[in-house]
Amino acid sequence: FGDVCYGAENAGYKVLQQYTCKDLGLGDQPTPLDSCNVDVSSSSFNLSFRADILGVYEGVLGQGGCPSPSPLDDVWVSMKDGVGAVGKILNDTVAELDSIELRQPMLDVVYRTSRSVDGVMKTFVDDLSDVLTCDALHVVYAGFKESMCCDVGNSLYWMLASWYLI
């Protein structure tokens with residue numbers, strides 16, 4: 001049981017290496033997994049970022065932890081640039097409020113909010129990138145894996161093996 005549990009990441013990495021970004025639905029070009037362009041778009045906004053899928057896999061799920069620079073750095077930089085779309089959507093929506101009669105104090109609040117959302121969203125992405133680092137995700141995964149492999153997995157193994165021997 002331990003071999004399966006402790007070797008799963010290596011097997012997954014070998015399987016993942018055979019694919020391209022296009023195979024995983026991340027773009028139209030068969031680019032290697034270390035430079036995928038992930039596009040999260042809708043009719044209202046366009047947000048895309050570059051992701052090193054193999055680097056993230058290796059850093060978060062691997063034994064050695066994350067390399068420097070972190071494979072998530074490009075994701076956070078791209079997302080910070082892309083959250084300006086949220087501010088644009090809100091500003092466009094607020095511009096349409098001219099047809100609705102609101103009193104000036106309410107309009108002031110709405111306009112101030114729409115102008116400040118850009119900075120707030122960029123601060124949010126900055127804070128999120130400080131918390132969801134590759135190393136932090138690695139620690140969470142390693143703790144989960146350790147408890148599942150050692151505690152739950154071994155307990156189930158011995159419980160089933162003892163019934164098998166009876």
Side-chain angles (χ1 to χ4, degrees), residues 1-94 113-114 116-157 159-160:
F1 181 76
D3 289 344
V4 171
C5 194
Y6 288 112
E9 293 89 357
N10 293 335
Y13 189 77
K14 288 293 183 191
V15 169
L16 196 59
Q17 282 180 319
Q18 299 172 11
Y19 292 100
T20 64
C21 298
K22 183 178 180 180
D23 296 331
L24 299 180
L26 303 173
D28 299 330
Q29 303 298 323
T31 55
L33 288 178
D34 61 354
S35 58
C36 291
N37 286 317
V38 180
D39 187 29
V40 184
S41 299
S42 75
S43 60
S44 305
F45 69 94
N46 182 12
L47 175 63
S48 63
F49 54 89
R50 188 186 154 294
D52 178 1
I53 304 296
L54 286 176
V56 171
Y57 186 97
E58 185 179 349
V60 174
L61 305 181
Q63 299 270 332
C66 299
S68 182
S70 170
L72 289 175
D73 286 349
D74 286 340
V75 172
W76 296 122
V77 168
S78 300
M79 284 185 72
K80 186 176 176 184
D81 292 341
V83 294
V86 175
K88 183 184 179 318
I89 293 168
L90 191 55
N91 286 328
D92 292 347
T93 305
V94 168
T113 302
S114 70
S116 68
V117 75
D118 215 19
V120 170
M121 290 300 292
K122 288 180 179 182
T123 302
F124 172 74
V125 171
D126 276 342
D127 293 345
L128 196 60
S129 69
D130 290 342
V131 174
L132 292 179
T133 63
C134 186
D135 288 324
L137 293 172
H138 175 72
V139 168
V140 170
Y141 174 75
F144 173 77
K145 178 187 168 202
E146 187 67 24
S147 65
M148 291 305 291
C149 286
C150 292
D151 300 334
V152 175
N154 285 338
S155 299
L156 287 174
Y157 172 79
M159 181 182 77
L160 294 174

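Just the heavy atoms: all of them, side chains too, but no hydrogens, waters or symmetry mates, feed the values below. Throughout, residue positions are numbered sequentially from 1 according to the sequence presented.
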Could I get the full list of side chain to side chain donor-acceptor pair (under 3.5 Å) partners for Y141, not counting sequence neighbours?
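Side chain to side chain donor-acceptor pair (under 3.5 Å) check on Y141 returns E9.
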Do [X] and [Y] come within less than 4.5 Å of each other through their side chains, counting heavy atoms only?
X	Y	value
V60	C134	yes
V56	V75	no
L33	Q17	no
Y13	L61	no
L16	L24	yes

For [X] and [Y], which heavy atoms make the closest approach, and how far apart are they?
X	Y	answer
D52	D34	OD1-CA, 3.2 Å
G59	P67	CA-CD, 4.4 Å
C21	P32	SG-O, 3.1 Å

In Å and rounded to the nearest 0.5 Å, what is the CH2 to OG1 distance from W76 to T133?
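Going from the CH2 atom of W76 to the OG1 atom of T133 covers 9.5 Å.
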Is a donor on one side and an acceptor on the other found under 3.5 Å between the side chain of S116 and the backbone of T113?
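Checked: pair present.
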N/O donor to acceptor pairs below 3.5 angstrom from side-chain atoms of residues 119-127, sequence neighbours left out:
residue	atom	partner	partner atom	Å
T123	OG1	G119	O	2.9
D126	OD1	K80	NZ	3.4
D126	OD2	K80	NZ	3.2

Residue pairs, two or more places apart or on separate chains, that pass salt bridge (Lys or Arg N to Asp or Glu O under 4.0 Å) and touch residues 57-78:
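As it turns out, the salt bridge (Lys or Arg N to Asp or Glu O under 4.0 Å) pairs with a partner in residues 57-78, which skip direct neighbours, are R50-D74.
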